[in-house]
Structure formats: structure tokens, C-alpha cells
Amino acid sequence: MSSIGTGYDLSVTTFSPDGRVFQIEYAAKAVDNSGTVVGIKCKDGIVMGVEKLIASKMMLPGSNRRIHSVHHHAGMAVAGLAADGRQIVARAKSEARSYESVYGDAVPVKELSERVASYVHLCTLYWWLRPFGCGVILGGYDKDGPQLYMIEPSGISYRYFGAAIGKGKQAAKTEIEKLKLSEMTCKEGVIEVAKIIYKLHDEAKDKAFELEMSWICEESKREHQKVPDDLLEEAKTAAKTALEEMDAD
Amino acid sequence: MDLNLDAPHSMGTTIIGVTYNGGVVLGADSRTSTGMYVANRASDKITQLTDNVYVCRSGSAADSQVVSDYVRYFLHQHTIQLGQPATVKVSANLIRMLAYNNKNMLQTGLIVGGWDKYEGGKIYGIPLGGTVVEQPFAIEGSGSSYLYGFFDLAWKENMTKEEAEQLVVKAVSLAIARDGASGGVVRTVIINSEGVTRNFYPGDKLQLWHEELEPQNSLLDILNAAGPEPMAM
């Protein structure tokens with residue numbers, strides 16, 4: 001489906017004759033090469049999970065975090081170029097801090113996602129900057145309840161019930177659509193997200209992976225935090241069992 | 001007697017903000033003085049910041065006007081950005097930001113009051129240095145000195161709208177009776193989920209307190225009137 005943009009794809013400030021900016025599309029490809037990131041909005045909060053592909057057996061488990069807290073009530077899961085992701089997270093943290101110091105109240109998630117999207121978009125406007133090679137899923141819990149946003153390298157940001165980016169995003173989206181999110185609690189959501197990530201992990205192409213999950217819900221006192229270890233283990237076990245049942249068919 | 005007509009306009013003032021069950025009532029007197037001359041005897045010290053948030057101004061008239069103008073502008077932009085009405089908390093914090101950062105140059109005490117869908121009716125007092133204090137009721141201005149004991153006695157939680165407004169009018173009128181820098185009329189603004197109501201109570205229709213005389217049209221009427229019977233009980 002990708003066309004060769006010969007001549008029109010050298011700079012982010014060049015449109016192609018059919019109205020596309022190829023550099024932004026190539027940036028999106030960088031995101032598609034990364035491990036899958038999934039986010040869902042349950043009835044009492046947000047759950048986010050990352051399929052963290054392990055590059056080397058020498059890496060310490062738990063290192064190379066892909067999910068970051070932006071403020072006590074919001075967190076971000078990053079897919080794509082890790083260094084680019086670090087910049088976006090740093091910017092989001094700084095925006096959240098500055099909003100609170102001026103307005104005296106925690107930044108609404110909608111406002112935060114607009115500011116982050118503006119920043120990502122900014123880097124698609126100048127020839128001397130390259131677009132960010134990463135997509136971000138932003139989950140937060142504010143006065144208007146739990147909200148989930150996704151920001152793409154083009155600077156687009158939409159609000160979602162369920163979102164996925166990375167290698168297995170198509171398969172993940174299909175699985176998410178099967179879930180009844182409005183009736184699910186976050187505790188159940190954690191299990192479901194684990195099942196989805198285990199399901200779409202391709203054993204043949206990528207070897208080992210580590211499951212990283214976070215949530216913001218009533219149980220976590222509306223604060224963004226890592227899913228507690230015991231629940232995470234429960235989720236992993238349930239996911240592996242579900243896989244085996246599938247393979248047994 | 002030196003009137004000092006060149007003194008900066010100051011609102012001696014009594015301003016009050018009170019929460020009730022469902023919203024807030026803001027009240028103020030209407031005297032703006034320049035030294036001993038009353039520059040405006042019917043001023044409006046309760047200024048709109050947004051549809052749902054108002055501020056009572058005291059202290060230097062110029063300082064308080066400029067601060068409210070800036071904050072109205074910031075809040076307008078904030079409302080557009082957010083896509084919904086600003087909260088009372090944010091309004092109070094923007095005022096505080098200006099009051100604190102310019103504390104060396106400003107001399108104004110403000111009371112921010114309003115209603116938003118998250119917290120309901122809220123009152124924030126912002127005295128001279130730029131502190132923000134969320135309170136169930138707040139009093140400021142030179143006339144407020146005479147009201148501390150009164151509120152200690154008269155304040156109750158969860159009043160009705162009518163009780164709250166009566167309390168405010170009574171309090172402002174008591175302060176006007178004792179504070180030379182407060183006077184004129186009593187203005188009130190009631191803010192709740194249904195909207196904003198402005199009320200006006202002319203000074204000569206207020207209840208008379210201890211040692212206050214009936215308002216007269218002419219001094220001659222007082223002089224020619226028969227004195228009270230000394231032993232009549």
C-alpha cells in the first residue's frame with residue numbers, strides 16, 4: 001500500500017502531488033515497527049499495557065520503562081523510537097507542571113493531550129526538524145472522569161474508548177472491539193489487556209517480551225501507578241492459560 | 001479642613017462573600033473616596049469575571065480594576081481553550097498569581113465568588129499579600145473590622161438563598177453605620193446553577209441601628225421637630 005514518493009519525500013516541508021506529506025507517513029512506519037501498546041477505558045478508569053520486546057538477555061527486567069507518569073493523575077505509554085518518546089514525556093510533564101502553577105488546579109486530560117499534540121505537530125512544520133518517530137497513548141483521570149487519548153506522529157490527537165499502536169495494532173483493535181468496556185472494571189480490564197498482548201505476540205518473529213502494565217482507577221485512588229504485582233501475575237497466568245486453550249483447539 | 005482632592009481613589013469599603021446551600025451571595029457598599037471627599041457614592045464594587053464568577057473589589061480602586069481586567073482577559077482565553085466555563089478555583093488562582101507577584105506595587109483585597117458544576121458555590125478570600133483562602137464566608141475592606149463578631153454570631157452552615165442575602169445586607173448596613181469609609185447603597189449579587197441575580201438596596205431604606213437618625217431631607221426639619229418626651233417610656 002505504500003507508494004514510492006520519489007522526490008517528494010525528502011523533506012517534511014514538501015507536499016506530494018497527491019497531497020501527502022511522506023516524511024510524516026514514514027515516521028508512522030517507525031511506530032509500526034515497535035512492540036504493541038494497548039490502552040482501554042473501563043467504566044472506573046484506564047488500563048494501559050505494553051508488549052516490551054527484549055533486545056538482549058543481559059537487560060535487567062523492569063528496565064527500559066515504556067510507561068511513564070506525567071502527573072499524579074495521568075500517564076503515557078510510548079511506542080516507537082525510545083529517545084523521541086523521552087522528549088514527549090518530558091514535555092508533557094513540563095506542561096502539566098506549568099498549568100498547575102498558573103491555574104492552581106491539576107491539568108485536565110483534554111488540555112494536556114492538546115498541548116502534547118501541538119508540540120508533536122510543531123515538529124512537522126520546519127525543514128530543520130524531523131517529526132517524532134513515536135506515538136503515544138495518554139490516559140488520565142480528572143474531574144470529568146477517566147479519559148484516553150492517542151497522539152500520532154502527525155500531531156493528530158483523538159479521544160478513544162480503546163486504542164492500540166505498534167506491530168500488532170490491527171489484531172489488538174479487533175480484540176478490543178470484542179470487549180464490553182462500559183461494563184468492565186479496571187481489575188477485569190487488566191486481565192483482558194494481558195490476554196490481548198499475549199495473543200498478538202508473534203513467537204516466531206520476536207523472541208522474548210516483558211509485559212508492562214499501568215492503571216488509573218478508583219482502586220489506585222485516581223493516581224497513575226504500575227499495576228500491583230499480585231494482580232499482574234494473576235493477569236499473566238490467565239493470559240498464558242487462554243493461549244494454551246486456544247492452541248489446544 | 002483639608003479635603004486632599006488629589007489623593008488616590010480608594011474604596012474604603014465593606015465587601016462580603018457568603019456561601020449558601022446551592023450557591024453564593026456577594027455583597028458590597030458603594031462608597032469610593034478620594035481622601036475625605038466621596039468621589040462616587042454609588043459605585044459598583046462587584047465586578048464580573050465570567051458568566052459564573054464575580055469578584056468584590058476593595059482597597060485601591062485603580063489596582064483592583066486593573067487586576068480584574070487582566071484576569072477577565074485570561075479567563076476568557078482559558079474558557080475558549082477549555083471549551084467550558086472556568087471554575088471558581090482557577091479564577092481565584094489567576095487573581096492570586098497577579099496579587100502575589102506584584103505585591104510590592106498593589107494594594108487591593110479581593111473576594112472571588114461563583115458557581116461551577118464541579119464544586120458548586122465557592123468563596124475565595126484574597127487579602128493584601130496574595131494569599132488564597134477558600135472559606136465558607138469572607139469579609140474584607142475597612143468596614144469588615146466591625147463585622148468579625150457579628151459573623152461569629154450570625155453565620156450558619158447551609159442557609160437558604162433568602163437567609164444568606166438578608167445576612168449580607170444586614171452586615172453591610174452595620175458596617176456602613178460604623179465605618180466612615182463605607183457608605184451609599186448596598187449591592188448584592190447571587191450566583192447559583194440557574195444564573196446570576198443582581199439586587200440593589202438604597203441606603204435610606206436600610207434598617208436603622210443604635211444611635212442612627214432617620215434620613216431627613218432638610219436640617220431644618222430636625223431642628224424644628226418636637227423633641228422626644230423625656231420621661232415617656
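Only this structure's heavy atoms are used, side chains among them; waters, hydrogens and symmetry mates stay out.
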Please check if atom [atom1] in [X] has more than 12 non-hydrogen atoms from other residues, nucleotides or ligands closer than 6.0 Å.
{"X": "Arg65(A)", "atom1": "CZ", "result": "yes"}
{"X": "Trp155(B)", "atom1": "CH2", "result": "yes"}
{"X": "Arg198(B)", "atom1": "CZ", "result": "yes"}
{"X": "Arg86(A)", "atom1": "CZ", "result": "no"}

Can you name the nearest heavy-atom pair linking Leu82(B) to Lys110(A), along with the distance? O-NZ, 3.4 Å

Let me confirm one number: the CG-OH distance from Asp142(A) to Tyr118(B), rounded to the nearest 0.5 Å. 7.0 Å

Would you please classify the geometry between the His78(B) ring and the Tyr103(A) ring as parallel, tilted or perpendicular, with 30° and 60° separating the classes? parallel

Would you say that Val102(A) contacts Phe74(B) through its side chain, given a criterion of any heavy-atom pair below 4.5 Å between the two side chains? no

Within residues 97-111 of chain B, contacts to chain A at heavy-atom distances under 4.5 Å involve Met97(B)

Pick whichever of Glu111(A), Lys143(A), Glu114(A) has the most heavy-atom pairs under 4.5 Å with chain B. Lys143(A)

Let me know if Ser91(B) has heavy atoms under 4.5 Å from chain A in its side chain, its backbone, both or neither. neither

What part of Glu119(B) gets within 4.5 angstrom of chain A, counting heavy atoms only: side chain, backbone, both, or neither? neither

